[in-house]
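For reference, the structure discussed in these notes is given below.
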2 protein chains.
Amino acid sequence: MRPAAETGAGRHDGGGAPDAGAVARGLPEATLERLTVYLRVLHVAEGEGKVTLSSDVLANAAGVNSAILRKDLSLLGGSFGRRGVGYDVARLAEHLATTLGLREQWRVAIVGAGNLGRALAGYAGLRNNGFELTAIFDMDPDVIGNIVNGLAVRPAESLEAAIESEHVNMAVMTLPGASAQQMCDRLVAAGVRNILNFAPVVLQAPDGVNVRKVDMSRELQILAYYAHQDIGHQDAVPAEDVGS
Amino acid sequence: MRPAAETGAGRHDGGGAPDAGAVARGLPEATLERLTVYLRVLHVAEGEGKVTLSSDVLANAAGVNSAILRKDLSLLGGSFGRRGVGYDVARLAEHLATTLGLREQWRVAIVGAGNLGRALAGYAGLRNNGFELTAIFDMDPDVIGNIVNGLAVRPAESLEAAIESEHVNMAVMTLPGASAQQMCDRLVAAGVRNILNFAPVVLQAPDGVNVRKVDMSRELQILAYYAHQDIGHQDAVPAEDVGS
DNA sequence: GGCTGTGAACTCCTTCACAGCG
DNA sequence: CGCTGTGAAGGAGTTCACAGCC
């Protein structure tokens, strides 16, 4: 009855036997977020010619403690470090990339060629690591046909056809909240099962569709919360609670 | 010794007395993220003329279950619902906004007037709820002086002076990874303690500085992970685990 | 001795289930 | 009766601490 609604929906967990070498399946969200950071750090280290890295160094660069780094890697299965030495940078990077599914081919469409859509189209993260930007859509006749990052903006009407012909399997939604749900429905109907939503709405999508959300407002508001707290009790807390 | 490095750093927790009516302090991250969603849903409901909402309806619209909605609200302190009726939309929205610190005045600077910076400058989330965009900076002479959303882009050299004169207390970093850490250091030195980072690097910031990160690459990669998993065992899992 | 890999303890978050008010 | 508010149970994720290999 209840649709998936946002945040890493779809297939995880599984609840299978808590068996021996549990293979890289159903990794916790928190671990996944960190894996992406490790991968980035490893790429930088690779570029600097580093061959091995200790968990301490890697963890520091990633902004986490080394215990959790080691635990995260242990969840992946196999052994990727040498005791007394550290991790082989290239090997670990390759394994992380494979685990994350970056050795698949991800054909991405951007839905909404406004400022944000155009900005993201130029973003390097969309042109590396298995991701390829293959189509951009918009509803505005003034925008359709414009060239964005080498791609002509297509009319929203052609969404279904283009998804099929371009084998799009991932969508980034950068459109106004008002049209987001409707476009999401069309994407899903057209077979797209992976959606990254930048529109400020909670998308309802059927089970089996992975939806994630990026939300600047949310981040600003959380920042405001912490900042507000800081103001409330400048510096050291006076040990007593303030009441109202 | 270890700096704060990303993600809701700064002052939370406190560890104070686990006393009675624990006032809206040190709310868990997960709760904060949901509060921002509730607030958005409430605003929509308000616009539709709704006066009260049950936890069930609100939770559904927010994409969570009602138990956690009620638990979240209970963490805020006071009672905001009427049993048998539901929540007063306006009153709850106001309380959430206050709790999140949105009744403070947040003066935001965007650092980096590239595509992304300009796109965010026009984003409504930066012009509501206590946030006010007050300055935009860039290093590129060709960009400096351009008008973005009614503001002239200022040279990066004037960062410190402008932060002081404009009373900037929050920064959004939309610049290349290569210059992000250095700019972050300058922001911190200039007294900014709240930073939202869009650059693809792990920022190191001293304790007491709140840093949050938005990362499209991360989201795409996590999406790829789930999608990859889905491919591995199409549709329903056959109840037995597949091994390799 | 250095550093990984991991059980076990711990802490935090979520879900359950129901008491209690309207 | 309906729906909130919350203690208690349960499940997840993190940290500790150390055994085990290099």
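We name chains A, B, ... by the order of the sequence lines, and we start the count at 1 in each one.
- To the nearest 0.5 Å, atom CG of residue B:Leu223 and atom NE2 of residue B:His228 are 13.5 Å apart.
- Taking CG of A:Leu116 as the reference point, atom CZ of A:Phe198 lies at 6.0 Å (rounded to 0.5 Å).
- Rounded to a whole Å, the CD atom of A:Glu29 is 20 Å from the P atom of C:dC12.
- At a non-hydrogen distance threshold of 4.0 Å, A:Ser54, A:Ser55 from residues 49-58 of chain A come into contact with DNA chain C.
- Of the listed residues (A:Leu73, A:Asp72, A:Leu76), just one forms a side chain to side chain contact (heavy atoms under 4.5 Å, CB included) with A:Thr31, and that residue is A:Asp72.
- One can place CG of B:Leu73 at 16 Å from C1' of C:dT15, the figure rounded to the nearest angstrom.
- Using modelled atom types and a 3.5 Å distance limit, the side chains of A:Tyr226 and B:Glu29 yield a donor-acceptor pair.
- Using a 4.0 Å heavy-atom criterion, one finds that A:Ser66 contacts no nucleic acid atom at all.
- Side-chain contact, B:Asp230 with A:Asn194: no donor N or O sits under 3.5 Å from an acceptor N or O.
- B:Gln181 contributes atom CD, which lies 6.0 Å from atom CD of B:Gln204 (distance to the nearest 0.5 angstrom).
- The nearest whole Å value for the distance from the CG atom in B:Leu69 to the C1' atom in C:dT15 is 14 Å.
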Item to check | B/S/- contact track for nucleotides 15-22 of chain D, protein heavy atom under 4.0 Å | outcome: B-B-BBBS
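- Residues A:Leu175 and A:Gly112 come closest through the heavy atom pair CB-CA, 4.4 Å.
- Although no hydrogens or angles enter the test, the distance criterion places a donor-acceptor pair under 3.5 Å between the side chain of A:Asn128 and the main chain of A:Ala124.
- Between B:Asp72 atom CG and D:dG5 atom P the separation is 12 Å, expressed in whole Å.
- Here ring pair (Phe, Tyr, Trp, His ring centres under 6.0 Å) pairs that include residues 41-85 of chain A, with residues two or more places apart or in two chains, are A:Phe80-A:His95.
- For C:dG2, the OP1/OP2 oxygens have no side-chain nitrogen or oxygen of A:Tyr87 closer than 4.0 Å.
- At whole-Å resolution of the value, CG in B:Leu75 and C1' in C:dT14 are 11 Å apart.
- Protein atom CZ of B:Phe80 is 17 Å distant from nucleotide atom C1' of C:dC21, rounded to whole Å.
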